[in-house]
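Here the structure is laid out as structure tokens; the discussion comes afterwards.
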Amino acid sequence: MCGNNMSLPLPAIVPAALKATAAVIFLHGLGDTGYVHPFKPVTLNVGMTMPSWFDIIGLQTDAEEDEAGIKHVSEKTKTLIDQEVKIGITSHRIVLGGFSRDGALSLYTALTTQQKLEGVVALSCWLPLQYTLKYRLPCGPSGARNFGCLTVEKRKNLCNLSNITYNTYPRMPHSACPEEMMDIKQFIDQQLPPI
């Protein structure tokens, strides 16, 4: 299904056909209306009011960041993770992902949650608030984080994170392509094999 169907409960949760043993929580990017975003001005987009969890001030490495906004929505995302754990999905069977602004949010959330996630798919994004993360890198059951399918095309490097699969896709604009979707599928299949 494409587009925004406001008759669906938000967030959209697809129930498992059988007993669920894993979960993928995927967030979209700036301006998306698939989940109830507050409308607020976004500095990067000349102050235009749009659906956005937090302000994006600039793309430069040293650009100011909306720390309070990022941390607030990260906590909301952690509640989605906690809900999956509460219904019986172990945290090391959860992959968090997102595109653009929400890829950045997914990456930050995965690095700051107390839950030990199996991995994160961070597409066309950056690592926000990276200088606040020095001692907040919990590891998964294998002792190391698994990060994959990163198409980082904006600002902020990924510091010294371990087990990163960094993919780039030549001539791909700030969007997705079939090769990237196949890489994501392979990553999720590898991280969350059937049990």
Side-chain angles (χ1 to χ4, degrees), residues 10-11 24-82 94-117 119-140 144-169 172-176 180 184:
L10 300 173
V24 175
I25 300 170
F26 197 87
L27 310 169
H28 193 270
L30 184 64
D32 178 48
T33 57
Y35 187 70
V36 181
H37 290 86
F39 278 74
K40 53 177 53 178
V42 177
T43 304
L44 180 67
N45 290 352
V46 268
M48 183 170 54
T49 298
M50 58 192 331
S52 183
W53 287 116
F54 58 88
D55 192 13
I56 301 173
I57 298 159
L59 298 179
Q60 310 86 320
T61 303
D62 61 349
E64 180 185 346
E65 295 183 279
D66 179 6
E67 184 170 352
I70 293 166
K71 287 181 175 181
H72 175 75
V73 72
S74 177
E75 291 303 315
K76 286 182 171 287
T77 304
K78 289 173 189 175
T79 64
L80 294 174
I81 296 166
D82 292 342
I94 297 173
V95 169
L96 182 61
F99 174 79
S100 191
R101 180 224 35 220
D102 287 347
L105 173 63
S106 295
L107 198 52
Y108 177 80
T109 301
L111 291 170
T112 58
T113 183
Q114 296 304 307
Q115 301 286 359
K116 294 177 174 145
L117 304 179
V120 64
V121 176
L123 308 172
S124 298
C125 65
W126 70 98
L127 176 58
L129 306 178
Q130 63 177 303
Y131 301 109
T132 68
L133 298 174
K134 188 173 181 180
Y135 300 106
R136 301 190 71 185
L137 302 174
C139 294
R145 284 280 186 175
N146 298 298
F147 293 95
C149 296
L150 300 177
T151 58
V152 181
E153 59 187 48
K154 291 187 176 179
R155 62 185 174 137
K156 308 283 186 190
N157 64 37
L158 295 174
C159 301
N160 296 315
L161 303 176
S162 60
N163 293 332
I164 295 175
T165 302
Y166 180 84
N167 297 337
T168 58
Y169 304 90
M172 182 179 77
H174 188 61
S175 63
E180 183 182 42
I184 294 167

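The CD1 atom of Ile184 sits 10.0 Å away from atom CZ of Phe99, with the distance rounded to the nearest 0.5 Å. For the atom pair Asp55 CG and Arg101 CZ, the distance stands at 11.0 Å (nearest 0.5 Å). Here CG of Leu105 is found 6.0 Å from CG of Leu27. Values are rounded to the nearest 0.5 Å. How far CD of Glu180 is from CG of Leu123: 4.5 Å, rounded to the nearest 0.5 Å. Note that the CG atom of Leu127 and the CG atom of Leu111 stand 6.0 Å from one another [nearest 0.5 Å]. Atom CD of Glu65 is separated from atom OG1 of Thr132 by 8.5 Å, given to the nearest 0.5 angstrom.
In this structure, Ile56 and Trp126 have side chains that are in contact, with non-hydrogen atoms separated by less than 4.5 Å. The shortest distance between side-chain heavy atoms of Asn45 and Met50 falls below 4.5 Å. Between Asp102 and Trp53, some side-chain heavy-atom pair lies under the 4.5 Å cut-off. The closest side-chain heavy-atom distance from Tyr108 to Lys71 is below 4.5 Å.
Checked against Ile25 for a side chain to side chain contact (heavy atoms under 4.5 Å, CB included), the options Val95, Leu117, Leu96 give a single hit: Leu96.
Between the side chains of Thr112 and Lys78, at least one donor N or O lies within less than 3.5 Å of an accepting N or O.
When all heavy atoms are compared, the tightest approach of Ala122 to Gly103 is CB-O, 3.9 Å. When all heavy atoms of Leu107 and Val120 are compared, the closest pair comes out as CD1-CG1, 3.8 Å. Here the closest non-hydrogen pair linking Cys125 and Ser100 is CB-O, 3.2 Å. Here the closest non-hydrogen pair linking Met172 and Ser124 is CE-OG, 4.3 Å. In plain terms, the two heavy atoms of Gly98 and Ser106 that are nearest each other are N-OG, 3.4 Å.
Remark: Ser74 pairs with Thr109 by the side-chain hydrogen bond (donor to acceptor under 3.5 Å, both in side chains) rule, at least two apart or across chains.
Judged by distance alone, the side chain of Thr113 and the main-chain N or O of Ala110 form no donor-acceptor pair under 3.5 Å.
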